[in-house]
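Data first, discussion second: the structure below is written as structure tokens.
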2 protein chains.
Amino acid sequence: MPATPSPNQNHLLAALPTAEFELLAPHLELVALPLGEMLYEPDRQLQHAYFPTTAIISLLHVMESGASAESAGVGNEGVVGVSLFMGGETTTSSAVVQTAGHAYRLDRRWLMQEFNRAELLQRLLLRYTQALMTQMSQTAACNRHHSVEQQLCRWLLLTQDRVAQRELVITQELIAGMLGVRREGVTEAAGNLQRAGCISYRRGHISVLDRAGLETRSCECYALVKKELTRLLSDAPCRHKATTAAR
Amino acid sequence: MPATPSPNQNHLLAALPTAEFELLAPHLELVALPLGEMLYEPDRQLQHAYFPTTAIISLLHVMESGASAESAGVGNEGVVGVSLFMGGETTTSSAVVQTAGHAYRLDRRWLMQEFNRAELLQRLLLRYTQALMTQMSQTAACNRHHSVEQQLCRWLLLTQDRVAQRELVITQELIAGMLGVRREGVTEAAGNLQRAGCISYRRGHISVLDRAGLETRSCECYALVKKELTRLLSDAPCRHKATTAAR
DNA sequence: GTGCGTATGTGCGCTGCCGCACATACAAGC
DNA sequence: GCTTGTATGTGCGGCAGCGCACATACGCAC
């Protein structure tokens with residue numbers, strides 16, 4: 001973990017060619033995102049796009065019944081607020097900070113303007129958006145067909161990729177909210193994984209011990225989403241090495 | 001149903017201002033899409049974008065187990081092949097003709113070129129893509145929390161909006177494939193809906209008798225997706241009235 | 001009309017997840 | 001240390017949907 005926050009910790013920002021980055025840099029504002037903060041909710045006008053460095057954000061759907069489910073997560077590989085440049089400005093989902101950390105944000109108007117002017121920035125953001133769509137649509141199919149344990153594995157792998165740390169700081173209760181299942185279901189699945197030596201956990205902390213084991217027990221969705229993200233962003237121009245991290 | 005096929009039957013094409021449409025028109029090619037035809041599949045390079053008029057296309061995910069689920073459907077409100085202008089060129093899903101009919105298609109290269117040149121075309125396509133993302137992410141949450149009957153209602157309503165006909169020509173088996181559930185589950189749900197007077201059906205045909213009834217029995221997802229589609233496309237410039245049809 | 005392919009109806013037992021009601025045990029603050 | 005809030009463990013009945021095995025019945029092709 002770099003002690004000094006840097007925009008290059010975000011893969012999209014790091015992938016921008018120097019010329020474009022220089023234009024953008026003065027407008028980047030570092031913000032701390034505490035756990036549970038809501039970056040946007042349905043129908044509320046989003047004021048900034050957020051490029052996470054150490055924070056992780058969940059795109060959550062809350063149903064009328066109060067039940068919730070995550071359609072995608074965003075970490076240092078992406079950006080929160082694609083609806084700004086997609087033109088809709090609002091979305092039907094909420095964006096909630098799932099792991100506290102930092103992000104750089106850009107003002108809405110500036111981003112919208114620059115998106116239309118800077119061709120490479122536009123291309124990069126659109127390619128990332130397609131990766132996000134992959135994640136969403138795969139989650140739809142995954143929710144239909146795969147078990148809680150498989151989905152927990154997928155979720156742990158995706159999340160760990162974003163923090164680059166063995167230990168995740170999160171409660172099973174919160175994970176249940178993301179997956180849209182009961183907290184008890186997560187407890188049981190996590191128990192199995194711990195007994196199998198894949199993870200170990202204590203009150204609010206989960207450590208990944210055996211990634212290969214998790215990948216075996218995960219459904220195919222993890223590898224698929226990961227592969228697509230890599231494909232879509234790896235051949236982008238790149239100032240720093242941040243984008244190369246595949247899995 | 002107009003006897004003469006016209007690009008204006010597709011809401012996106014109809015929404016283009018005359019100047020932009022004139023540029024595009026010579027490149028539009030009318031094609032017949034038979035039931036079951038696969039417009040693209042994972043990793044296969046897409047050669048055309050399809051603007052359906054009477055056809056309906058399902059964006060399907062096929063899992064390793066062979067099970068499938070639709071993450072979104074595309075009818076005359078949209079376009080198949082957003083990955084072309086999003087920059088990825090391929091996707092991880094398949095696109096399968098769910099209801100036979102017609103579509104206008106545009107060559108891949110021409111569309112990619114024009115997307116970068118024509119600002120209004122770009123804006124329209126991106127807004128539609130955001131509506132598609134709404135459909136995908138809502139489907140993810142819906143698959144998690146709602147019953148087969150609720151989802152069948154949602155599916156019937158969305159599909160009927162696309163054909164503008166009382167009667168849909170489709171088997172329960174195919175619907176089951178879209179929803180990612182058992183055929184018997186669809187049979188049972190359809191039986192309930194018929195007994196309630198919402199629909200009537202016979203071998204391969206389903207007629208919607210009571211839209212309001214279906215909306216009541218549907219989950220909130222139908223209204224939400226529909227509303228977002230309307231919002232994103234209604235304030236677009238519009239040569240014809242096609243885009244105004246909100247439900 | 002007759003026949004046949006295929007769409008639909010129905011009944012099993014089974015499983016995974018739910019909803020609830022607790023028991024337990026951790027960790028931070030006094 | 002002890003208390004207290006909260007995270008986790010566990011057991012129950014219930015139910016929706018699954019997988020299977022059929023029975024039935026529709027409608028097209030001949």
Side-chain angles (χ1 to χ4, degrees), chain A residues 35-36 63 65-69 98-100 140-156 167-196 199-207 217-219, chain B residues 35-36 63 65-69 98-100 140-156 167-196 199-207 217-219:
Chain A
L35 177 65
M63 319 303 284
S65 66
S68 68
Q98 171 205 114
T99 298
C142 188
N143 281 352
R144 174 60 82 206
H145 294 294
H146 297 145
S147 69
V148 171
E149 183 174 316
Q150 288 178 305
Q151 295 186 49
L152 176 59
C153 291
R154 161 175 68 79
W155 192 92
L156 288 172
E167 187 175 271
L168 311 177
V169 179
I170 191 160
T171 65
Q172 298 182 4
E173 178 100 45
L174 279 178
I175 295 177
M178 311 288 169
L179 296 183
V181 300
R182 279 189 322 161
R183 192 269 310 162
E184 294 92 323
V186 174
T187 298
E188 196 187 335
N192 293 340
L193 294 178
Q194 180 158 40
R195 248 164 278 132
I199 63 174
S200 80
Y201 62 90
R202 60 194 177 89
R203 246 184 123 77
H205 302 253
I206 304 187
S207 289
R217 284 157 183 271
S218 167
C219 46
Chain B
L35 176 66
M63 319 303 285
S65 66
S68 68
Q98 169 205 116
T99 298
C142 188
N143 281 353
R144 175 59 83 205
H145 294 296
H146 298 143
S147 69
V148 170
E149 183 174 316
Q150 288 178 304
Q151 295 186 48
L152 177 59
C153 291
R154 161 175 69 79
W155 193 91
L156 287 172
E167 188 176 88
L168 311 177
V169 179
I170 192 160
T171 64
Q172 298 182 5
E173 178 101 44
L174 278 177
I175 295 177
M178 311 288 168
L179 296 183
V181 300
R182 279 191 322 161
R183 192 267 310 161
E184 294 92 323
V186 174
T187 299
E188 194 187 337
N192 293 341
L193 295 178
Q194 179 158 25
R195 250 165 276 132
I199 63 175
S200 80
Y201 61 89
R202 61 194 176 87
R203 249 183 120 76
H205 302 253
I206 304 186
S207 289
R217 285 157 182 271
S218 167
C219 46

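Keep in mind that this is a model prediction, so the values were computed, not measured.
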Original post:
For DNA chain C, which nucleotides open and close the run of contacts to chain B, 5' to 3', at under 4.0 angstrom from a non-hydrogen atom?
Top reply: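 That gives a stretch of C/dG5 to C/dT10.
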Subject >> DNA chain C: 5'-proximal contact among B/Gly204 and A/Glu149 (nearest heavy atom) >> reply: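 Counting from the 5' end, the first nearest nucleotide belongs to B/Gly204.
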Original post:
Sequence neighbours excluded, which residues qualify as side chain to side chain donor-acceptor pair (under 3.5 Å) partners of A/Arg183?
Top reply: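 Once residues adjacent in sequence are excluded, the partners of A/Arg183 under the side chain to side chain donor-acceptor pair (under 3.5 Å) criterion are A/Thr187.
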With rounding to the nearest 0.5 angstrom, report the [atom1] to [atom2] distance, [X] to [Y].
{"X": "A/Glu173", "Y": "A/Met178", "atom1": "CD", "atom2": "CE", "answer": "11.0 Å"}
{"X": "B/Leu156", "Y": "B/Arg217", "atom1": "CG", "atom2": "CZ", "answer": "12.5 Å"}
{"X": "A/His146", "Y": "B/Met63", "atom1": "NE2", "atom2": "CE", "answer": "3.5 Å"}
{"X": "B/Leu168", "Y": "B/Ile175", "atom1": "CG", "atom2": "CD1", "answer": "7.5 Å"}
{"X": "A/Trp155", "Y": "A/Ile170", "atom1": "CH2", "atom2": "CD1", "answer": "3.5 Å"}
{"X": "B/Leu152", "Y": "B/Cys219", "atom1": "CG", "atom2": "SG", "answer": "10.5 Å"}

Subject >> Whole-Å gap separating C1' (D/dC15) and CD (B/Glu188) >> reply: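 Answer to the nearest Å: 12 Å.
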Subject >> Working for side chain to side chain contact (heavy atoms under 4.5 Å, CB included), residues B/His145 and A/Ser65 >> reply: CA-CA 9 Å; B/His145 294 296; A/Ser65 66; 5.6 Å; no
**OP:** List for me each residue that meets side-chain contact (heavy atoms from CB on, under 4.5 Å) alongside B/Arg202, sequence neighbours excluded, and say none if there are none.
**Re:**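 Only B/Glu167, B/His205 meet the side-chain contact (heavy atoms from CB on, under 4.5 Å) criterion with B/Arg202.
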**OP:** Take B/Gln151 and A/Gly191, find for each the nucleotide of DNA chain D with the closest heavy atom, and name the residue whose nucleotide sits nearer the 5' end.
**Re:**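 Its nucleotide being nearer the 5' end, the pick is A/Gly191.
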Original post:
Looking at five pairs on each end of the helix from C/dG1-D/dC30 to C/dC30-D/dG1, what is the angle between the two axes, given to 10 degrees?
Top reply: 30°
Subject >> Chi angles and distances behind the side chain to side chain contact (heavy atoms under 4.5 Å, CB included) call for A/Val181, A/Val186 >> reply: CA-CA 8 Å; A/Val181 300; A/Val186 174; 3.8 Å; yes
Minimum heavy-atom separation for [X] to [Y], with atom names?
{"X": "B/Arg154", "Y": "B/Asn143", "value": "NH2-OD1, 4.3 Å"}
{"X": "B/Val148", "Y": "B/Gly185", "value": "CG1-O, 3.9 Å"}
{"X": "B/Cys153", "Y": "B/Leu193", "value": "SG-CD2, 3.8 Å"}

Original post:
Which letters describe nucleotides 25-30 of chain D, given B = protein heavy atom under 4.0 Å from base, S = only from sugar-phosphate, - = neither?
Top reply: BBS---
Original post:
Of the residues in residues 174-185 of chain B, which ones touch DNA chain C at a heavy-atom distance under 4.0 Å?
Top reply: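 Per residue number, the list reads B/Arg183, B/Glu184.
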